[in-house]
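One-based numbering, in listed order, for ligands and for the atoms of each. Note that the structure is predicted; figures quoted are calculated from it, not measured. All values below were derived from every heavy atom in this structure, side-chain atoms included, with hydrogens, water molecules and symmetry-related copies excluded.
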Amino acid sequence: MTDKKILITGGAGFIGSHVVRLFVNTYPNYQIYNLDALTYAGNLENLTDIENASNYQFLKADITDADAINTLFEEHQFDSVIHLAAESHVDRSIADPLLFIKTNILGTINLLNAAKAIWKDNFEGKLFYHISTDEVYGSLGDTGLFTETTAYDPRSPYSSSKASSDHIVRAYYHTYNLPVVVSNCSNNYGPNQFPEKLLPLAISNIKNNKPIPIYGKGENIRDWLFVLDHARAIDVIYHKGKIGDTYNIGGVNEWTNIDLIHKLCEIMDRKLGRENGESAKLITFVTDRAGHDKRYAIDSSKLMKELDWQPSLQFEEGMEKTVGWYLSNEKWLNNILSGDYEKYYSKQYDNR
Ligand code: NAD
Ligand code: TYD
C-alpha cells in the first residue's frame, strides 16, 4: 500500500538524485515522483540503479510551466513536495540572472500554487518542503556562524533568487496556512556533482593534467558537507521538522579554498600514483569571482538538538569516497565533459 505520494523536484541533479535514491530505497511504501526538466545539470544516469523500482516514477517537466505543473498535480495528487529544482551555480547566475529569477522564483511559486490548489484547505498530512542554501545569509567575516535567525543578505543573483523563493514559501505559510518547512544547507560535496563546481572541476582537471583555477587568492571559506549527510538531514526534517520552521544544515567543516585544493591534490597524487606535490603544480590563481562571498559557516545546533541529526562522515573519509567515485566513474564524467560543457568552460575561464 502507498502511504505517501512524494514529489521530489530536481531529482536528476546532484543533491536531488541522492535524496530520490534514499527515499526510494528506505521507504518502499512511499511512491516517489522525480520531476525534472533535465537541464544541463540534470542527468538520469545519476539514477540508473533505482530507475526500475516499483515505487519510483520520472516526470519530465519544467517548473516554470505553470500549466504543466498544475496538470501533474491534478493527475497524481501528490501529498508532499520536496523542492530542489533550481539553477544552482553562482557563476552562471552572474552571466544570466534572469534565468535564475525565472527558475528559482517563478518555478517555486508555480509549485506552491499547484500544491495550494489541490490541497485546498485540507492540509492534514501535507507538506511543502523547500530546500535552500546558506548563501541567502550573505557573507561572514572571520568569526560568527549563520543561525536560523540571521538576517538575509544575499549578494549574488543566485543567492538572491533563492532568498526570494525562501520568503515566498514562508509567505504561503503565514498567508494561506500552507504547511511548509525550509532548510538552508552549506556547500555539498560528493558523487554526481556537476563538474562546474569547485571540487569535481578540480578532480577532473587534475586527472586530465589541466590547470586548477582558483579565484582570487583562494582565501574564501566554505563549510563542506557530504551530500548523503544532507540527504539524511532532508529525510529527518521531512519526517520530524516543525511546520513553519527553518533548519540550518552544515558540516562544522570550514576550509579555505586553497587548503581544500591542497588536501585534494594530496589524495589525487596518492590515488593516481603520482609523486607527492605533482598535482598541486596545476594550481593556477585566476581573476576573482565578482562579488565573491568571503566566508560561509553554518550553526546546525537546532537540527542536531531538536531532530537528533549529526553528519555521519568525517571529512577525510568523505573526500576519499568522493575522489574514488569520480575516478571509477570515468564514463559519467566523460559524457559531461564533452559538448556544451566545453563551451561553458572556455567562456568562463579562457579570459581569467
Ligand atoms: P543541480 O544544479 O545539480 O541540480 C538541479 C536540478 O534541477 C537539475 O536536475 C536540473 O535539471 C533541475 N532543474 C533546473 N531547472 C529546472 C526547471 N525549470 N524545471 C525542472 N527542473 C529543473 O543542483 P544541486 O546542487 O543538486 O542543488 C539542488 C538544490 O539544493 C538547489 O535548490 C540548491 O539551491 C540547493 N542547495 C545546493 C547546495 C550545493 O552545495 N550544491 C547547497 C545548499 C543548497
Ligand atoms: P562553488 O563550488 O561554485 O560553490 P559556491 O560558490 O556556491 O560556494 O565554489 C566554491 C568556492 O570555490 C567559492 O569560494 C568559489 C571558488 N571557486 C574557485 O576558486 N574556482 C572555481 O573554478 C570555482 C568553480 C569555484
Counting heavy atoms only, name the option from [options] that's nearest to [atom].
{"atom": "atom 13 (N) of ligand 1", "options": "N192, I63, V19, T39", "result": "T39"}
{"atom": "atom 11 (O) of ligand 1", "options": "N188, L106, D62, D36", "result": "D36"}
{"atom": "atom 28 (C) of ligand 1", "options": "V136, L44, L84, L198", "result": "L84"}
{"atom": "atom 4 (O) of ligand 1", "options": "G13, G10, S183, G16", "result": "G13"}
{"atom": "atom 30 (O) of ligand 1", "options": "D134, L99, I15", "result": "I15"}

Which of the ligand 1 atoms, numbered from 1, are nearer than 4.0 Å to a heavy atom of [X]:
{"X": "I131", "answer": "30 (O), 32 (O)"}
{"X": "L38", "answer": "11 (O)"}
{"X": "N187", "answer": "40 (O)"}

Is ligand 1 less than 4.0 angstrom away from at least one heavy atom of [X]?
{"X": "S17", "result": "no"}
{"X": "A61", "result": "yes"}
{"X": "G107", "result": "no"}

Examine distances only and state if a side-chain atom of R270 and a backbone atom of E266 form a donor-acceptor pair shorter than 3.5 Å.
no
So does W332 get a backbone contact from the side chain of N329, meaning a donor-acceptor N/O pair under 3.5 Å?
no
Is the centre of the Y172 ring less than 6.0 Å from the centre of the F128 ring?
no
Should the pair K60-D36 be classified as a salt bridge under the 4.0 Å nitrogen-to-oxygen rule?
no
Contact partition for [X] relative to ligand 1, non-hydrogen atoms under 4.0 Å:
{"X": "T103", "value": "side chain"}
{"X": "Y158", "value": "side chain"}
{"X": "H89", "value": "neither"}

Angle between ring planes, Y215 versus H292, binned at 30° and 60°: parallel, tilted or perpendicular?
perpendicular
Should we say atom NZ of K321 is surrounded by more than 12 heavy atoms from elsewhere, each under 6.0 Å from it?
no
Evaluate whether atom CG of N351 has more than 12 neighbouring non-hydrogen atoms of other residues, nucleotides or ligands under 6.0 angstrom away.
no
Atom 3 (O) of ligand 1: the protein heavy-atom neighbour that sits closest, reported with distance to 0.1 Å
F14 N, 3.0 Å
Does the structure place the NZ or CZ of R92 under 6.0 Å from the centre of the six-membered ring of Y158, at an angle of no more than 45° from the ring's axis?
no
Can the positive tip of R295 be found less than 6.0 Å from the middle of the six-membered ring of F146, inside 45° of the ring normal?
no
Filter the ligand 2-protein atom pairs down to N or O on both sides and distance under 3.5 Å, then list them.
from	atom 1	to	atom 2	distance (Å)
ligand 2	2 (O)	L198	N	2.9
ligand 2	3 (O)	R289	NH2	3.0
ligand 2	4 (O)	N187	ND2	3.4
ligand 2	6 (O)	R289	NH1	2.5
ligand 2	6 (O)	R289	NH2	3.3
ligand 2	7 (O)	E135	OE2	2.5
ligand 2	8 (O)	N187	ND2	2.8
ligand 2	8 (O)	R222	NE	2.7
ligand 2	12 (O)	N257	ND2	3.4
ligand 2	14 (O)	R222	NH2	3.3
ligand 2	14 (O)	N257	ND2	2.9
ligand 2	14 (O)	H292	NE2	2.7
ligand 2	19 (O)	Y215	N	2.8
ligand 2	20 (N)	P213	O	2.9
ligand 2	22 (O)	P213	O	3.4
ligand 2	22 (O)	Y349	OH	2.6

Here's a test for you: under ring-ring contact (aromatic ring centres under 6.0 Å, His included), which of W224, W255, F226 qualifies with F315?
W255
